[in-house]
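Everything on this sheet refers to the single structure shown next.
Sequence positions, counted from 1, serve as the residue numbers for this chain.
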Amino acid sequence: MHRDEKQALRDALIAARKAHHGAHGGDAALALPAHMAALHLPAKSIIGAYLPIGSELDTVLLMAALAAAGHDLCLPVCLEKDAAVIFRRYQIGDALAADSMGIEAPLADAESVRPTLVLLPLLGFDCAGMRLGRGGGYYDRTLAGLRADGPVIACGMAYAMQMVDKCPSAPHDQALDMVMTEQGVTRFERDR
């Protein structure tokens with residue numbers, strides 16, 4: 001797929017997600033905590049989450065349920081452009097400040113941690129567990145670095161309607177282990 005075709009797909013998915021979010025975002029966010037058990041998390045896992053931007057699937061209620069179940073939360077922090085993100089410990093209600101990409105993130109004095117599971121937003125995903133993101137490569141670089149250092153589970157967070165026939169992918173793209181939608185959790189079988 002050429003760069004223009006990939007961008008056209010991104011644009012179409014952004015528009016579709018925005019329309020769906022406006023009509024169904026609240027109900028989808030309410031449905032997520034009911035699917036938490038399907039993640040099969042070990043006790044006291046460290047969960048890399050995200051605070052939603054725009055029409056991204058809202059994970060705030062899921063994060064609260066994960067914290068209430070005894071898991072630790074962390075959020076991504078972008079320290080420099082074109083680098084992997086780091087994760088800093090986060091408790092709901094902690095003070096946040098804009099990182100180098102202008103995204104609200106934990107303050108510099110928050111402890112840096114390594115998540116065992118990363119919840120990540122996306123524009124589209126396919127039945128092979130490939131995802132299409134915004135195109136910056138931040139999560140691909142981050143997951144590659146985490147996976148080089150040991151096991152980590154990548155869980156895409158999406159509306160069910162974001163599934164596509166096939167996501168364009170390149171050798172550096174990091175596949176998802178699972179995806180959580182308002183309808184439940186789907187695991188992907190792939191070579192490790």
Side-chain angles (χ1 to χ4, degrees), residues 1 4-39 47-68 73-78 85 87 90 92-94 96 98-99 101-106 115 117-140 142-143 153-169 173-188:
M1 180 175 276
D4 291 345
E5 292 173 305
K6 198 171 185 180
Q7 189 56 51
L9 178 58
R10 276 194 180 97
D11 293 343
L13 289 169
I14 288 169
R17 184 180 72 180
K18 184 175 181 181
H20 189 82
H21 178 79
H24 305 287
D27 290 339
L30 288 170
L32 295 180
H35 306 308
M36 188 174 72
L39 295 173
I47 312 299
Y50 66 92
L51 297 174
I53 298 171
S55 63
E56 291 175 348
L57 183 59
D58 190 338
T59 57
V60 174
L61 294 175
L62 175 61
M63 289 168 56
L66 288 164
L73 301 175
C74 56
L75 293 176
V77 181
C78 185
V85 300
F87 290 88
Y90 172 73
I92 294 171
D94 281 357
L96 301 169
D99 67 9
M101 295 297 292
I103 297 170
E104 294 292 296
L117 177 130
V118 177
L119 305 176
L120 55 146
L122 50 82
L123 294 175
F125 68 96
D126 64 24
C127 64
M130 297 310 296
R131 62 177 278 277
L132 183 66
R134 291 176 166 254
Y138 290 95
Y139 278 107
D140 289 318
T142 300
L143 290 172
I153 298 167
C155 179
M157 301 299 297
Y159 296 104
M161 55 72 60
Q162 289 177 258
M163 185 171 188
V164 298
D165 289 336
K166 182 163 178 55
C167 283
S169 62
D173 291 336
Q174 295 289 307
L176 300 170
D177 297 291
M178 63 180 80
V179 68
M180 178 187 277
T181 72
E182 71 279 16
Q183 296 176 3
V185 173
T186 301
R187 294 178 182 281
F188 303 108

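The line from CG of L122 to CG of L57 is 9.0 Å long, rounded to the nearest 0.5 Å. To the nearest 0.5 Å, atom CG of residue L120 and atom CG of residue L176 are 5.5 Å apart. The structure places SG of C167 at 7.0 Å from CG of L9, a figure rounded to the nearest 0.5 Å. Rounded to the nearest 0.5 angstrom, L66 CG and L32 CG are separated by 10.0 Å. Distance check: L51 CG to L75 CG gives 5.0 Å after rounding to the nearest 0.5 Å.
Pairing each heavy atom of P76 with each of F87, the nearest pair is N-CD2, 3.7 Å. Scanning both residues, F188 and A128, for their nearest heavy atoms gives CD2-C, 4.0 Å. In this structure, A175 and A154 approach most closely via the heavy-atom pair O-CB, 4.2 Å. What you find for M180 and C155 is that their closest heavy atoms are N-SG, 3.8 Å. Here the closest heavy-atom approach between residue Y138 and residue M101 is recorded as OH-SD, 3.3 Å.
Side-chain atoms of R10 come within 3.5 Å of backbone atoms of G133 as a donor-acceptor pair (strictly under, hydrogens ignored). Judged by distance alone, the side chain of Q162 and the main-chain N or O of L123 form a donor-acceptor pair under 3.5 Å. Checking side-chain atoms of Q174 against main-chain N and O of Y139 turns up no donor-acceptor pair under 3.5 Å. Checking side-chain atoms of D126 against main-chain N and O of V164 turns up no donor-acceptor pair under 3.5 Å.
A side-chain hydrogen bond (donor to acceptor under 3.5 Å, both in side chains) check over residues 14-25, counting only residues at least two apart or in different chains, returns the pairs R17-S55, H21-Y159.
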